[in-house]
Q: 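Once you've had a glance at the structure underneath, I'll fire off some questions.
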Amino acid sequence: MSLREPSLSSTREGHRTTTLRFDDNHRLQNILGDHDRHLIRLEQAVGVRLSCRGNRIAISGEAEAVSRAQTILQALYQQAGNGESVDADQVDGVIRLTALPSSRRTSLRRSPKEEDIPSNMDAALENLPSIQTKRGAIAPRSPGQATYMDALARKELVFGLGPAGTGKTYLAVAQAVAMFQAGQVDRIILSRPAVEAGERLGFLPGDMREKIDPYLRPLYDALHDMMPGEQVSRRMVTGEIEVAPLAFMRGRTLAHAYVILDEAQNTTPAQMKMFLTRMGPGTRMAITGDLSQVDLPSGISSGLRDAIHTLEGVKGISICEMNSADVVRHPLVARIVDAYDSRKESSHSSRSSYREDHETPYRTTR
């Protein structure tokens, strides 16, 4: 084995020290990072004291934190041995994956009889789903992403819900590209409703493609991350990759394709039903959206919210709901999401209290 068994020594009740010994110094340096920056990040996140001397890392702290840090270091060392580079994002991802995995996963919506990913930390990290593309393997960086990727691989229709930065669209596009390159589908179809985010863009010059491109740019960005640019352009010309606004879907039957509807919170119930009923033989669908960012005019209900309530529990459909703990962008994004959610909950509580204090007396005096 390239990673030796840890040696343990207890210093006081509830506190312990574990020493890990690594045989491959090059791999060890990869997981330490420049000037031990990955080690410092791990100390801050887990609440342990790490000390590296030669090929040994000593971990000191509360027993549970020491066990978690040991699992993280072993997972990173294993990944470095698979030829993967270890960067700050990858370290943060493994840290998130070891944070209360069993309780976190059970909060996600599941289809009936869907098997859970193992709740044991070591087993969970060893059996994580991945998406294989020609640009390399894409691994989950949070428990919610692991559940979502597992559903994308096994289910024909998947709803991916969550705030900005959770990888809803990116992972769906990655799964579509992987299945296309493996010959499991004949084409990829990407769609979004053409709804402006709170501002009017006015008249846009150019042909139809140029008019709709601003709405579809996030899908193009994800595609270019998975495939070389010239290949994307060539396959779009041949029709193997199609990017179109939702309005163009009516009347079509989409067969042997991987179809993604992004920003689905901005569909109406009628549009959502129209889109879902386009599904033909051999087709997979992924529908992504953030119900906290609905840009529809006031008084119009979201088709995504309506679909979730209508289809929850239907066989063959998986609904994966992520939250701020699954945000993989800058750490501030998760805190921003939490702050907005807290204000929304506080505002809702205030309105409820106001109605209780004022509406009941009004009704009794009529």
Side-chain angles (χ1 to χ4, degrees), residues 131-135 138 148-149 151-153 155-160 167-197 201 204-268 270-290 295 303-304 307 317:
I131 298 173
Q132 300 292 331
T133 70
K134 290 185 178 178
R135 286 284 182 95
I138 297 174
Y148 181 47
M149 290 172 63
L152 288 171
K155 299 291 183 177
E156 293 178 315
L157 176 57
V158 178
F159 287 87
K168 307 180 299 294
T169 303
Y170 189 86
L171 293 175
V173 173
Q175 182 67 34
V177 170
M179 293 188 69
F180 175 75
Q181 292 176 334
Q184 295 174 276
V185 294
D186 295 336
R187 55 186 175 145
I188 299 171
I189 301 174
L190 310 173
S191 184
R192 297 182 97 194
V195 176
E196 296 141 342
L201 299 180
L204 293 174
D207 58 20
M208 182 59 69
R209 168 88 176 269
E210 293 170 325
K211 291 177 188 293
I212 65 175
D213 269 0
Y215 300 100
L216 306 174
R217 178 51 53 188
L219 297 174
Y220 288 122
D221 292 342
L223 268 179
H224 283 278
D225 270 0
M226 312 294 169
M227 304 172 70
E230 67 277 3
Q231 189 177 138
V232 173
S233 300
R234 184 174 68 253
R235 295 191 184 283
M236 291 184 73
V237 170
T238 62
E240 293 171 297
I241 297 177
E242 178 184 349
V243 184
L246 179 61
F248 287 17
M249 295 294 166
R250 186 171 295 279
R252 300 178 63 183
T253 298
L254 308 176
H256 306 291
Y258 201 107
V259 188
I260 299 172
L261 176 60
D262 190 33
E263 298 290 340
Q265 75 274 7
N266 289 327
T267 63
T268 65
Q271 287 175 326
M272 178 60 75
K273 181 181 178 183
M274 178 272 291
F275 177 81
L276 292 172
T277 54
R278 301 307 94 198
M279 194 173 190
T283 287
R284 295 281 194 101
M285 279 189 172
I287 299 168
T288 67
D290 178 2
D295 300 312
L304 178 59
I317 297 177

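Values reported hereafter were calculated over all heavy atoms of this structure, with side chains retained and with hydrogens, waters and symmetry mates removed.
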Q: Take atom CD in E156; do more than 12 heavy atoms of anything else shown fall under 6.0 Å from it?
A: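 No, the 6.0 Å shell around CD holds no more than 12 heavy atoms from other groups.
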
Q: Any heavy-atom pair between the side chains of M272 and L261 that's under 4.5 Å?
A: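 Heavy-atom side-chain distance check passes, below 4.5 Å.
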
Q: Using side-chain heavy atoms (C-beta onward) and a distance below 4.5 Å, is R252 in contact with I189?
A: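 Yes - at least one pair of side-chain heavy atoms lies under 4.5 Å apart.
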
Q: List the atom of A286, the atom of L152, and the distance in Å for their closest heavy-atom pair.
A: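 Looking at all heavy atoms of both residues, the shortest contact is CB-CD2, 4.0 Å.
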
Q: Check G289 against Q265 and note the closest heavy-atom contact, atom names and distance.
A: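 It is CA-OE1, 3.2 Å.
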
Q: If you define the side chain from C-beta out and look only at heavy atoms, does anything of M279 sit under 4.5 Å from V259?
A: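 No, too far: nothing below the 4.5 Å cut-off.
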
Q: As an exercise, state the distance from CG of L223 to OH of Y170, rounded to the nearest 0.5 Å.
A: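 Interatomic distance, L223 CG to Y170 OH, rounded to 0.5 Å: 10.5 Å.
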
Q: Which atom names give the shortest non-hydrogen contact between F180 and I188, and what distance separates them?
A: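 Scanning both residues, the minimum pair turns out to be CB-CD1, 3.8 Å.
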
Q: Please determine whether side chain to side chain contact (heavy atoms under 4.5 Å, CB included) holds for the pair M274 and L246, giving the CA-CA distance in whole Å, both sets of side-chain angles, and the decisive distance to 0.1 Å.
A: CA-CA 9 Å; M274 178 272 291; L246 179 61; 4.2 Å; yes

Q: Using every non-hydrogen atom in the two residues, find where G167 and Y148 come nearest and quote the distance to one decimal.
A: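 Shortest heavy-atom separation between G167 and Y148 comes out as O-CE2, 4.1 Å.
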
Q: Using atom types as modelled and distance alone, determine if a side-chain donor or acceptor of Q231 lies under 3.5 Å from a backbone N or O of P228.
A: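 Judged by distance alone, no pair lies under 3.5 Å.
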
Q: Quick check: do S191 and L219 have side-chain heavy atoms less than 4.5 Å from each other?
A: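 Sidechains of L219 and S191: no contact.
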
Q: Provide the closest heavy-atom pair for I138 versus M149 in the form atom of the first, atom of the second, distance.
A: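 Closest pair (atom of I138, atom of M149, distance): O-CE, 3.3 Å.
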
Q: Start with the C-alpha gap between Y258 and Q184, add the side-chain angles, then the distance that decides, and say whether side chain to side chain contact (heavy atoms under 4.5 Å, CB included) holds.
A: CA-CA 9 Å; Y258 201 107; Q184 295 174 276; over 6 Å; no

Q: Less than 4.5 Å apart, any side-chain heavy atom of L190 and any of D262?
A: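 With C-beta onward as the side chain, the pair stays apart.
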
Q: Measuring only between side-chain heavy atoms, which start at C-beta, is T283 closer than 4.5 Å to T253?
A: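 T283 vs T253: side chains apart.
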
Q: Quick one: does L157's side chain get under 4.5 Å of I287's, heavy atoms only?
A: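 In short, these two side chains touch, coming nearer than 4.5 Å.
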
Q: Answer yes or no: is there a donor N or O on one side and an acceptor on the other, between the side chain of N266 and the main chain of P193, under 3.5 Å?
A: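 Between the backbone of P193 and the side chain of N266 there is no qualifying donor-acceptor contact (under 3.5 Å).
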
Q: Restricting to pairs with a member in residues 273-288, which pass salt bridge (Lys or Arg N to Asp or Glu O under 4.0 Å), not counting sequence neighbours?
A: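 Not a single pair qualifies under salt bridge (Lys or Arg N to Asp or Glu O under 4.0 Å).
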
Q: Do Q175 and V158 pass the side chain to side chain contact (heavy atoms under 4.5 Å, CB included) test, and can you show the C-alpha distance, the side-chain angles, and the key distance before you say yes or no?
A: CA-CA 12 Å; Q175 182 67 34; V158 178; over 6 Å; no

Q: Which value, rounded to the nearest 0.5 Å, describes the distance between T288 atom OG1 and E263 atom CD?
A: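 Reported to 0.5 Å precision, the distance equals 6.5 Å.
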
Q: Taking all non-hydrogen atoms of both residues into account, name the closest pair between L254 and R187 and its distance.
A: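 Heavy atoms of L254 and R187 come nearest at CA-NH2, 4.2 Å.
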
Q: Check whether any side-chain heavy atom of L304 sits under 4.5 Å from a side-chain heavy atom of F159, and report yes or no.
A: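 Yes; the side chains approach each other to less than 4.5 Å.
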
Q: Looking at E230, is its backbone amide N or carbonyl O close enough to the side chain of S233 to form a donor-acceptor pair, meaning the two atoms are under 3.5 Å apart?
A: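 Looks like no, no N/O pair under 3.5 Å.
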
